[in-house]
Q: 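Pasting a structure here, questions to come.
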Protein chains: 2
Amino acid sequence: MQFLDIHDNNFEANFAAILARGEETGKEVEQVVLDIIAAVRKEGDAALLDYTRRFDRLEADTVADLEVTEAEFNEAFVRVADADISALKLAVERVARFHEKQKQETWLSTDESDVLLGQMVTPLERVGIYVPGGKASYPSSVIMNAVPAKVAGVGEVVMVAPTPGGEINHHVLVAARLSGVDRVFRIGGAQAVAALAYGTAMVPRVDKITGPGNIYVATAKKLVFGQVGIDMIAGPSEILVINDGSGNPAHIAADLLSQAEHDELASSILITTSRSFGERVAAEVELQLGKLKRESIARKSWDTYGAVIVAGSIAEAIAFSNRIAPEHLELAVTDPFAILPQIRNAGAIFLGHFTPEAAGDYLAGPNHTLPTGGTARFFSPLSVDDFIKKSSIVYFSESGLNRLGKDIVRIAELEGLEAHGKSVSIRLK
Amino acid sequence: MQFLDIHDNNFEANFAAILARGEETGKEVEQVVLDIIAAVRKEGDAALLDYTRRFDRLEADTVADLEVTEAEFNEAFVRVADADISALKLAVERVARFHEKQKQETWLSTDESDVLLGQMVTPLERVGIYVPGGKASYPSSVIMNAVPAKVAGVGEVVMVAPTPGGEINHHVLVAARLSGVDRVFRIGGAQAVAALAYGTAMVPRVDKITGPGNIYVATAKKLVFGQVGIDMIAGPSEILVINDGSGNPAHIAADLLSQAEHDELASSILITTSRSFGERVAAEVELQLGKLKRESIARKSWDTYGAVIVAGSIAEAIAFSNRIAPEHLELAVTDPFAILPQIRNAGAIFLGHFTPEAAGDYLAGPNHTLPTGGTARFFSPLSVDDFIKKSSIVYFSESGLNRLGKDIVRIAELEGLEAHGKSVSIRLK
């Protein structure tokens, strides 16, 4: 962890090391993924079965055997504790309620008597959700991807989740069922992404693929982008806490550690106007670290990418935050709403002393899939917007075209596109 | 041109040749672009000047000398005909008025007495617009990219446009000024994209790059994606006309040719329920082709990627259209609004017999930057949405966290993320 003062001469240089995270895709990974995609496009289900056998140590005669059955869903509901089911149900309900508010309507403008213009909103027809297998398999990920798709009105939600060695995560299946996922295949990796992008005999082609995955999955998504839509390109997670000296240092320390336990590449930063508060938080982090189950991950993250920064004023802290555009931003100050409108770039903003970022991870309602690594400058949280598309609507009556036609022809001609002009002039009186 | 019947046994095979358009990015192009990006990141303005000298045959001492001056703008307004200026002004006004309706509001939900949830909408701070140089330099492109950005509230719009041999397009400068572009640099190619993505001493770093370009520009945009936002990946243009036998074959022929004149890779397709209407359109295309200035381009496009398809019913034509998800879709039928809600995938929809697609290219109001090559399945027209981003807002009061905290901790624990749970439980009573 670095303890920095924003006014130090070497602040920028010291802080640069914290910003320089993230994995570069190696050329070898890209070639492996290109080969897998080519094989799935060419051989379809046969390639899919072959890769699943090799990478996930899972034998099956047909890809149909890899689809999760009704019996397996039932088994999952038996295995999962009732309290877990009801917590996941609450999450689904709250996430659905929030995302309902994001729905946009088709509109038609009647401002002009002879021209109608509008925008039609339609859901994507079929989407694929990637859910990582093994230890990083989180039911909350299923909810955060599937629920916005269903709220948007997507016709069919197909989920893929590898089950290495055949091990299936029952919580994930429960979350899939509660979220309205239509079909689940036990496949993963670049081969699952390729199958969703191009379709095979068993796996239907989708219009968009969302969800987190390892470097092979992320690379595959990037490579099939354009053939299908994808969600944002996510990097390691991060939190920035802005503090004015108010609040409980132990609470802030716990928030910083909730981010640090994710991943050794995660970054947790406190920027405070109070040096002594910052010192107390740093001490609390040390204290709490020793008691964590995931201590080694959290310690590595905090040591390498953690920071406590002393700022001269809240305005300075906000300017810093706007510059780094954090994924998660906590406004741990006395009057958080007073500074909210000054925040320009952030994935999700958590206000006040009783809103730990973890609340947003599960069931506050907003999505937990957020832009990382400064991309909140231009990316938005995953939302219903990701599962719809728009079409422009243009209607000219004869009088509308007569009224506007001359100027259309004029622009067509100055651009040297004569046939464009003719398609209008041929209709003019 | 192929004259096909949708019920022919070999329809799918014959039609596949028309769908298989588009340029694959060669590995050599990618390597050239990677080298240019690396040079601009390392050497900044010096590299930019060097490439501009070599590729655009344009000498300058500093990049500052490559910024378009007030005198050059004034000169442009003198050189351009008044009727052209007023046509471009009308386009800017109408495009602005349409895009105003796309603006979204920040909202806050007060459904619960102890929790506030919302979504904050903020404009991007700075965007870059790429405008091709030379013959493909269109003022309408400037309008369609700059106006939505300004309507969204973007702080600064930076335009780059190469001027090969020093030749500057006055219409483009007029359009830039009328659209509210803030700065214009006479640079282009992958080097301009790299400068916008990473910033140099003279060219400010932007948050997103939009606008069309050649294969080097498109490849550069794809490679810097993630560092900055980009708009959709555009391929060659296309039009599909759905017809029920009503209307004037000469009009439809003119519409098909307005698309064909763009580019040898452009595709123009008519699907009609009337074989005789289809035959008359095909004959009309031949007649009109011979009179076009851009005959050779249009003929090549029509010969290779043109088609007249006879369908058994309008329902069949619509199903076909939804499958190919055309960039431009004309509903050249007697009652176009009756079938509008059945259209699922299309970039822009032009209704009735007096709405040639060319109207939408310039000044109807909607954007002419549209998803191509079937990507209307998941991409939307360029819009104000592309120039804003959203942040989630989460506020829990103490009672809100006490009410929901237990379930948050439950999910954190079932996911094995203990520190997430602790950040909540440490605050609970």
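Naming convention: chains lettered A, B, ... in sequence-line order (proteins, then strands); numbering from 1 in each chain.
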Q: Examine distances only and state if a side-chain atom of B:E261 and a backbone atom of B:A298 form a donor-acceptor pair shorter than 3.5 Å.
A: no
Q: I'd like to verify something: which residue of B:L117, B:L90, B:L124, B:I393 has the highest number of heavy-atom pairs under 4.5 Å with chain A?
A: B:L117
Q: Please check if the side chain of B:S380 supplies one atom and the backbone of A:K390 the other of a donor-acceptor pair under 3.5 Å.
A: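 Confirmed, B:S380 side chain pairs with A:K390 backbone.
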Q: Would you mind telling me which of A:T122, A:V394, A:D407 has the largest number of heavy-atom pairs within less than 4.5 Å of chain B?
A: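 With the most close heavy-atom pairs to chain B, the winner is A:V394.
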Q: Parallel under 30°, tilted from 30 to 60°, perpendicular over 60°: which one fits the rings of B:F337 and A:Y395?
A: perpendicular
Q: For B:S268 and B:Q259, indicate whether the former's side chain and the latter's backbone hold a donor-acceptor pair under 3.5 Å.
A: no
Q: Give, as side chain, backbone, both or neither, the part of A:D386 having an atom under 4.5 angstrom from any heavy atom of chain B.
A: neither
Q: Relative to chain B, which segment of A:T375 carries a heavy atom at a distance below 4.5 Å: side chain, backbone, both, or neither?
A: side chain
Q: Just by modelled atom types, is the B:D207 backbone N or O under 3.5 Å from a matching donor or acceptor in the B:R126 side chain?
A: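 Side chain of B:R126 to backbone of B:D207: no pair is present.
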Q: Can you list the steps and then say if B:I349 with B:H328 is a side chain to side chain contact (heavy atoms under 4.5 Å, CB included)?
A: CA-CA 6 Å; B:I349 309 167; B:H328 302 99; over 6 Å; no
Q: What part of B:H171 gets within 4.5 angstrom of chain A, counting heavy atoms only: side chain, backbone, both, or neither?
A: side chain
Q: Which one of A:S392, A:A254, A:A358 has the most heavy-atom pairs closer than 4.5 Å to chain B?
A: A:S392
Q: Could you tell me whether the side chain of B:R410 and the main chain of B:G421 form a donor-acceptor pair under 3.5 Å?
A: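 A pair under 3.5 Å: no.
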Q: Using modelled atom types and a 3.5 Å cut-off, is there a donor and acceptor pairing between side-chain atoms of B:D84 and backbone atoms of B:V80?
A: no
Q: Please classify the contact of B:Q288 with chain A as side chain, backbone, both or neither, using a heavy-atom distance under 4.5 Å.
A: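 Just the side chain, heavy atoms under 4.5 Å.
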Q: Going from NE2 on B:H420 to CD1 on B:I411, what distance comes out if it is rounded to the nearest 0.5 angstrom?
A: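 So the gap between those two atoms works out to 12.0 Å.
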Q: Where on A:A325 is there a heavy atom nearer than 4.5 Å to chain B: the side chain, the backbone, both, or neither?
A: neither
Q: Please state whether the side chain, the backbone, both or neither of B:E125 comes within less than 4.5 Å of a heavy atom of chain A.
A: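 Side chain of B:E125 only, per the 4.5 Å heavy-atom cut-off to chain A.
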Q: When rounded to the nearest 0.5 angstrom, what is the spacing between OG in A:S425 and CD in A:E418?
A: 9.0 Å
Q: Pick one of side chain, backbone, both or neither for A:N248, based on which atoms fall under 4.5 Å of a heavy atom in chain B.
A: neither
Q: Chain A: which of B:F98, B:F225, B:F350 shares the most heavy-atom pairs with it under 4.5 Å?
A: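 It is B:F98.
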Q: Counting only N and O atoms by type, is there a donor-acceptor contact under 3.5 Å from the side chain of B:R94 to the main-chain atoms of B:L363?
A: yes
Q: Among A:G226, A:P336, A:P123, which has the most heavy-atom pairs under 4.5 Å with chain B?
A: A:G226
Q: Could you look at A:E112 and say if it's the side chain, the backbone, both or neither that has a heavy atom under 4.5 Å from chain B?
A: side chain
Q: Below 4.5 Å, heavy-atom pairs only: which of B:V115, B:N345, B:N322 has the largest tally toward chain A?
A: B:N345
Q: Against chain A, label B:D361 side chain, backbone, both or neither, depending on which of its atoms sit under 4.5 Å from a heavy atom there.
A: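 When you check distances to chain A, only side chain atoms of B:D361 fall under 4.5 Å.
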Q: How far apart are the C-alpha atoms of A:V384 and A:H99, what are their side-chain angles, what is the distance that settles it, and do they pass the side chain to side chain contact (heavy atoms under 4.5 Å, CB included) test?
A: CA-CA 6 Å; A:V384 169; A:H99 286 77; 3.9 Å; yes
Q: What residue, out of A:L351, A:L428, A:I388, has the most heavy-atom pairs lying under 4.5 Å from chain B?
A: A:L351
Q: May I ask you to decide if A:E398's main-chain N or O and A:R427's side chain share a donor-acceptor pair within less than 3.5 Å?
A: no
Q: Run the side chain to side chain contact (heavy atoms under 4.5 Å, CB included) test on A:H251 and B:S423 for me, step by step, so that the C-alpha distance in whole Å, both residues' side-chain angles and the decisive distance to 0.1 Å come before the verdict.
A: CA-CA 6 Å; A:H251 296 180; B:S423 72; over 6 Å; no
Q: Taking side chain as everything from C-beta outward and backbone as N, CA, C, O, which of these in B:L329 sits under 4.5 Å from a heavy atom of chain A? Side chain, backbone, both or neither.
A: neither
Q: Is B:V206 in contact with chain A via its backbone, its side chain, both, or neither, using a 4.5 Å heavy-atom distance?
A: backbone
Q: Examine whether an atom of B:A81 lies under 4.5 Å from a heavy atom of chain A, and if so say whether it belongs to the side chain, the backbone or both; otherwise answer neither.
A: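 The side chain, not the backbone.
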Q: Side chain, backbone, both or neither: which part of A:M232 has a non-hydrogen atom closer than 4.5 Å to chain B?
A: neither
Q: Of all of B:S397, B:G416, B:A412, which one pairs up most often with chain A through heavy atoms under 4.5 Å apart?
A: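 The residue among B:S397, B:G416, B:A412 with the greatest pair count is B:A412.
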Q: Considering only heavy atoms and a distance below 4.5 Å, find which of B:R344, B:K422, B:R294 pairs most often with chain A.
A: B:R344
Q: Donor-acceptor pair, A:S391 side chain versus B:A346 backbone, under 3.5 Å?
A: yes
Q: Would you mind telling me which of B:V424, B:I343, B:L414, B:L256 has the largest number of heavy-atom pairs within less than 4.5 Å of chain A?
A: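 So the answer, after comparing B:V424, B:I343, B:L414, B:L256, is B:L414.
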Q: Of all of A:G400, A:G360, A:S140, which one pairs up most often with chain B through heavy atoms under 4.5 Å apart?
A: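 Heavy-atom pair counts peak at A:S140.
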Q: What part of A:A376 gets within 4.5 angstrom of chain B, counting heavy atoms only: side chain, backbone, both, or neither?
A: backbone
Q: As a quick check of understanding, evaluate side chain to side chain contact (heavy atoms under 4.5 Å, CB included) for A:T106 and A:Q119, giving each step before the final call.
A: CA-CA 6 Å; A:T106 292; A:Q119 185 173 274; over 6 Å; no
Q: Is chain B contacted by the side chain of A:K291, its backbone, both, or neither, given a heavy-atom distance below 4.5 Å?
A: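 Contact with chain B: backbone and side chain both.
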Q: Of the backbone (N, CA, C, O) and the side chain (C-beta and beyond), which part of A:I426 lies under 4.5 Å from a heavy atom of chain B, both, or neither?
A: both
Q: If only atom types and distance count, is the side chain of B:K208 paired as donor or acceptor with the main-chain N or O of B:V228 below 3.5 Å?
A: no
Q: Is chain A contacted by the side chain of B:A260, its backbone, both, or neither, given a heavy-atom distance below 4.5 Å?
A: neither
Q: Under 4.5 Å, counting heavy-atom pairs only, tell me which of A:V409, A:L257, A:N367, A:L340 racks up the most with chain B.
A: A:L340
